[in-house]
Amino acid sequence: MKINDSGFFLGSKKYGESSMIVYIFSKNNGLIKSFSRFKKKSTLGFTILDEVNFTWQSKQKDSLGYINLDLEASIKKNNSFIGTLIKSSASELCIKFLPLWQQNIEIYNDLKKLINNLDKKIELIIFNYVWWEILFLKNSGYGINLEKCSVSGSKEKLYYISPNSGNSVTYSVGYKYRKKLFRL
């Protein structure tokens with residue numbers, strides 16, 4: 001089986017002397033964990049969330065497989081501490097919480113928008129990242145209801161959110177449970 005696709009380089013772990021386990025979030029195939037080799041003089045020269053083209057091949061789709069990577073576009077935007085922190089955080093969330101080989105075009109497109117907005121003011125970068133995380137939760141099946149109070153139906157004065165259900169409630173409804181709820 002052979003797959004040609006494009007995606008984002010999420011990171012890698014050293015495996016042995018001249019090999020790496022590589023994580024790619026591809027457009028058409030979702031999260032891919034694969035094996036790659038490099039020569040001792042040259043290592044993988046990719047940074048987190050670089051856009052790559054790759055060829056993955058294996059006998060079976062469920063096996064680790066072997067991947068060849070080509071750099072499509074490197075992110076040179078905002079290599080500040082906040083920009084690097086946001087790229088690392090987004091990458092780790094994708095690696096830890098997305099299932100292997102499950103396409104999720106919404107998360108892919110949201111990640112692309114997040115990357116394209118890394119050259120804005122720091123307040124906008126943080127705002128975009130928080131919304132990216134909310135959309136990440138929604139698109140991975142853990143949506144948060146910030147539209148209305150789940151008890152009274154009111155759309156005004158939402159104050160608390162339940163960590164169990166992801167539903168929001170108003171101040172008056174959630175006050176007696178305030179130690180168990182998160183404040184918005």
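Residues F54 and G7 come closest through the heavy atom pair CE2-N, 4.3 Å. Closest non-hydrogen pair, I21 versus Y15, comes out as CG1-CB, 4.0 Å. In plain terms, the two heavy atoms of F9 and V22 that are nearest each other are CE1-CG1, 3.7 Å. Summarising the geometry of K27 relative to D5, their closest heavy-atom pair is N-OD2, 3.8 Å, with the distance given to 0.1 Å. Of all heavy-atom pairs between L49 and L111, the closest is CD2-CD2, 4.0 Å. Shortest non-hydrogen contact noted between N117 and K120 is O-CG, 3.2 Å.
Side-chain contact between M20 and K14: present, with at least one pair of heavy atoms (C-beta onward) separated by less than 4.5 Å. Contact check for F136 versus F97: side-chain heavy atoms found under the 4.5 Å cut-off. Annotation: side chain of I125 is in contact with side chain of I86 (closest heavy-atom distance under 4.5 Å). Residues K113 and W132 have side chains not in contact (no heavy-atom distance under 4.5 Å, counting atoms from C-beta outward). Side-chain contact check for Y160 versus N167: every heavy-atom pair is 4.5 Å or farther apart.
To the nearest 0.5 Å, the span separating NZ on K33 from NZ on K13 amounts to 6.5 Å. A distance of 13.5 Å separates OH in Y171 from CG in L184, rounded to the nearest 0.5 Å. Rounded to the nearest 0.5 angstrom, K155 NZ and E147 CD are separated by 7.0 Å. To the nearest 0.5 Å, the span separating OG on S165 from CD1 on I144 amounts to 10.0 Å.
There is a path of hydrophobic side-chain contacts, each under 4.5 Å, that joins V52 to I3. Placement of L100 and L64 within a single hydrophobic cluster is found when ILVMFWY residues are connected by side-chain heavy-atom separations under 4.5 Å, directly or transitively. Neither V173 nor L146 shares a network with the other; the hydrophobic side chains, linked directly or stepwise wherever heavy atoms of I, L, V, M, F, W or Y lie under 4.5 Å apart, form separate groups for each. Residue F46 is grouped with residue W56 when hydrophobic side chains (ILVMFWY) are merged at heavy-atom distances under 4.5 angstrom, including chains of intermediate members. Under the 4.5 Å side-chain contact rule for hydrophobic residues, Y142 and V169 do not share a cluster.
Within the 3.5 Å criterion, the main-chain N or O of S168 finds no donor-acceptor partner in the side chain of S162. In this structure a side-chain-to-backbone donor-acceptor pair under 3.5 Å is missing from S91 to K87. In this structure, the side chain of S89 does not engage the main chain of L85 through any donor-acceptor pair within 3.5 Å. The closest donor-acceptor contact from the side chain of S152 to the backbone of C149 lies at 3.5 Å or more, if one exists at all. The backbone N or O of E106 lies less than 3.5 Å from no partner atom in the side chain of N109, so there is not a single donor-acceptor pair.
Looking only at atom types and distance, the side chain of N139 has a donor-acceptor partner in the side chain of D110 under 3.5 Å away. If you check the side chains of N68 and T55, you find no donor sitting under 3.5 Å from an acceptor. A donor-acceptor contact closer than 3.5 angstrom is absent between the side chains of Y23 and S34. For the 3.5 Å distance criterion, the side chains of S58 and S63 qualify, holding a donor opposite an acceptor. Of the N and O atoms on the side chains of D70 and N53, not one donor lies less than 3.5 Å from an acceptor on the other residue.
Aromatic rings of F8 and Y108 (six-membered ring for Trp) have centroids within the 6.0 Å cut-off, being under it.
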Please assess F25 against L98 for the test side chain to side chain contact (heavy atoms under 4.5 Å, CB included), listing each intermediate value before the final yes or no. CA-CA 9 Å; F25 185 46; L98 293 178; 3.6 Å; yes
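With I24 as the fixed residue, the side-chain contact (heavy atoms from CB on, under 4.5 Å) test singles out one of L69, L10, L31, N29: L69.
Other residues, nucleotides and ligands contribute over 12 non-hydrogen atoms within 6.0 Å of the NZ atom of K61. Within a 6.0 Å sphere centred on CH2 of W131, other residues, nucleotides and ligands contribute 12 heavy atoms or fewer.
Between K112 and E51 there is a salt bridge, since a side-chain N of the basic residue sits under 4.0 Å from a carboxylate O of the acidic one.
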